[in-house]
There are 2 protein chains.
Amino acid sequence: MQQPPPQDSDSGAQADRFNQARTAKAMTLLEDYTEMIDDLVQAHGEARITEIAHLMGVTHPTAAKAVARLKREGLAVSRPYRGVFLTEAGSAMAASVRARHRIVVDVLLALGVPAEAAETDAEGMEHHVSEATLAAFEAFLRRKDQSAP
Amino acid sequence: MQQPPPQDSDSGAQADRFNQARTAKAMTLLEDYTEMIDDLVQAHGEARITEIAHLMGVTHPTAAKAVARLKREGLAVSRPYRGVFLTEAGSAMAASVRARHRIVVDVLLALGVPAEAAETDAEGMEHHVSEATLAAFEAFLRRKDQSAP
DNA sequence: TCGCAAATGAAGCCTAGGCTACACTTTTGT
DNA sequence: ACAAAAGTGTAGCCTAGGCTTCATTTGCGA
């Protein structure tokens, strides 16, 4: 799932990178909404469309469309005029997204990025952090903690 | 250009971050293509649609549409059935994009990310690296160089 | 309890960025 | 010199993800 088959020439490697970036970009909506819904359910017991929309900075029809997509993908469930909830798959995604987000922010902070910028940039960067990179980030943070306990 | 006006409540901060991530996402196409065209012009004296498409991993009509957008935005010029070239604005963007890309890759490598993953992830992450974060990255790399010359 | 405000849903429009199919130049090899 | 091949352009279709507008449902307060 990480190395697609090598192409004809060397230019394939370059193309593969862009294709992976495009794939990651397509996942961002799913990831952002599942995390948001998980937050809201933990905070209020349910996630309402209007609140999701407000926090995401979009209009409610946009949020509703996103939730419809989550439902299509089996990540969320909801009944008309009722709150939205995550399925098990959705919760799992939310958990890993949140963990990854925290690690990315921590790495940025450790590198000396100002807190506000770290939060903002992490929001976009996190979706492009592969397993390999995430593992390296975790190892880096562990080293940091050891050297400065 | 970095801090939009504060919203009503605190939820505005969250929404602002997502909005910035969306803006950055919208810039990725422009940035990727200008850098690619710059590479090709430096290598071959011109950038051909077919080669751009091949390297970007898309079909040529898609590349042609992207180039049309670059022209609309004043970043590139071209005449029918001839190569594509960057304007001064396009060259400037390519230069800063390339510089940022190199820094992001270097930071990932310095953190212990494997080379292949660093290249791939940087391709997506770089577009979300703000000026503040970039500055912190550069400072971090300078420190690294000093401690291990 | 019942009426109105707030929340949700539904429909339709727009742009970006993919694609295929087909038409037309340009280039190239014989 | 010209025909085939390669490269470009054009048209049209699709999905995602924004938006506005309008209809419907909830639920709360008078």
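In the text below, chain A, chain B and the rest are named by the order of the sequence lines, each starting its count at 1. We use all heavy atoms of the structure for the numbers below, so side chains are in, but hydrogens, waters and symmetry mates are not.
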Original post:
Counting only heavy atoms not in Gln42(A), do more than 12 sit closer than 6.0 Å to its CD atom?
Top reply: yes
Original post:
In whole Å, what is the span from the NZ atom of Lys65(B) to the P atom of dG18(C)?
Top reply: 9 Å
Original post:
Arg22(A) side chain N/O closer than 4.0 Å to the phosphate oxygens (OP1, OP2) of dG17(C)?
Top reply: no
Original post:
Has Thr59(B) got a side-chain N or O lying under 4.0 Å from the OP1 or OP2 atom of dG18(C)?
Top reply: no
Original post:
Considering only side-chain heavy atoms of Arg72(B), which listed nucleotide, dG9(D), dA16(C), dT8(C), is closest?
Top reply: dA16(C)
Original post:
In whole angstroms, how far is the P atom of dA5(D) from the CZ atom of Arg48(B)?
Top reply: 20 Å
Subject >> His128(B) ring center within less than 6.0 Å of His127(A) ring center >> reply: no
Subject >> Carboxylate-amine/guanidinium contact Arg17(B) Asp121(A), below 4.0 Å >> reply: no
Subject >> Separation of atom NZ in Lys25(A) from atom P in dG18(D), rounded to whole Å >> reply: 12 Å
**OP:** Starting from P on dC19(D), measure out to CG on Asn19(B) and report it in whole angstrom.
**Re:** 8 Å
Original post:
Rounding to a whole Å, what distance do you find between Leu29(A):CG and dA16(D):P?
Top reply: 10 Å
**OP:** Using whole Å, report how far NE2 of His127(A) lies from P of dG17(D).
**Re:** 12 Å
**OP:** Quick one: label Pro80(A) by what it contacts on the DNA or RNA (base, sugar-phosphate, nothing), any heavy atom closer than 4.0 Å.
**Re:** sugar-phosphate
Original post:
Start at the 5' end of DNA chain D and walk down; is the nucleotide closest to His60(B) or to Arg69(A) reached first?
Top reply: His60(B)
Original post:
Which of these nucleotides, dA11(C), dG7(D), dT10(D), is closest to any side-chain atom of Pro61(B)?
Top reply: dT10(D)
Subject >> Length of the line joining Asp32(A):CG and dG17(D):C1', which is rounded to integer Å >> reply: 13 Å
Original post:
With hydrophobic residues grouped by side-chain heavy-atom distances under 4.5 Å, do Phe140(A) and Val129(A) end up in a single group?
Top reply: yes
Original post:
Any salt bridge between Arg100(A) and Glu31(A), counting N to O under 4.0 Å?
Top reply: yes
Original post:
Atom NE2 of His54(B) to atom P of dC19(C): distance rounded to whole Å?
Top reply: 13 Å
Subject >> side-chain N/O Arg82(A) vs dG27(D) OP1/OP2, d < 4.0 Å >> reply: yes
Original post:
Does Thr62(B) have a side-chain nitrogen or oxygen under 4.0 Å from the phosphate oxygens OP1 or OP2 of dC19(C)?
Top reply: yes
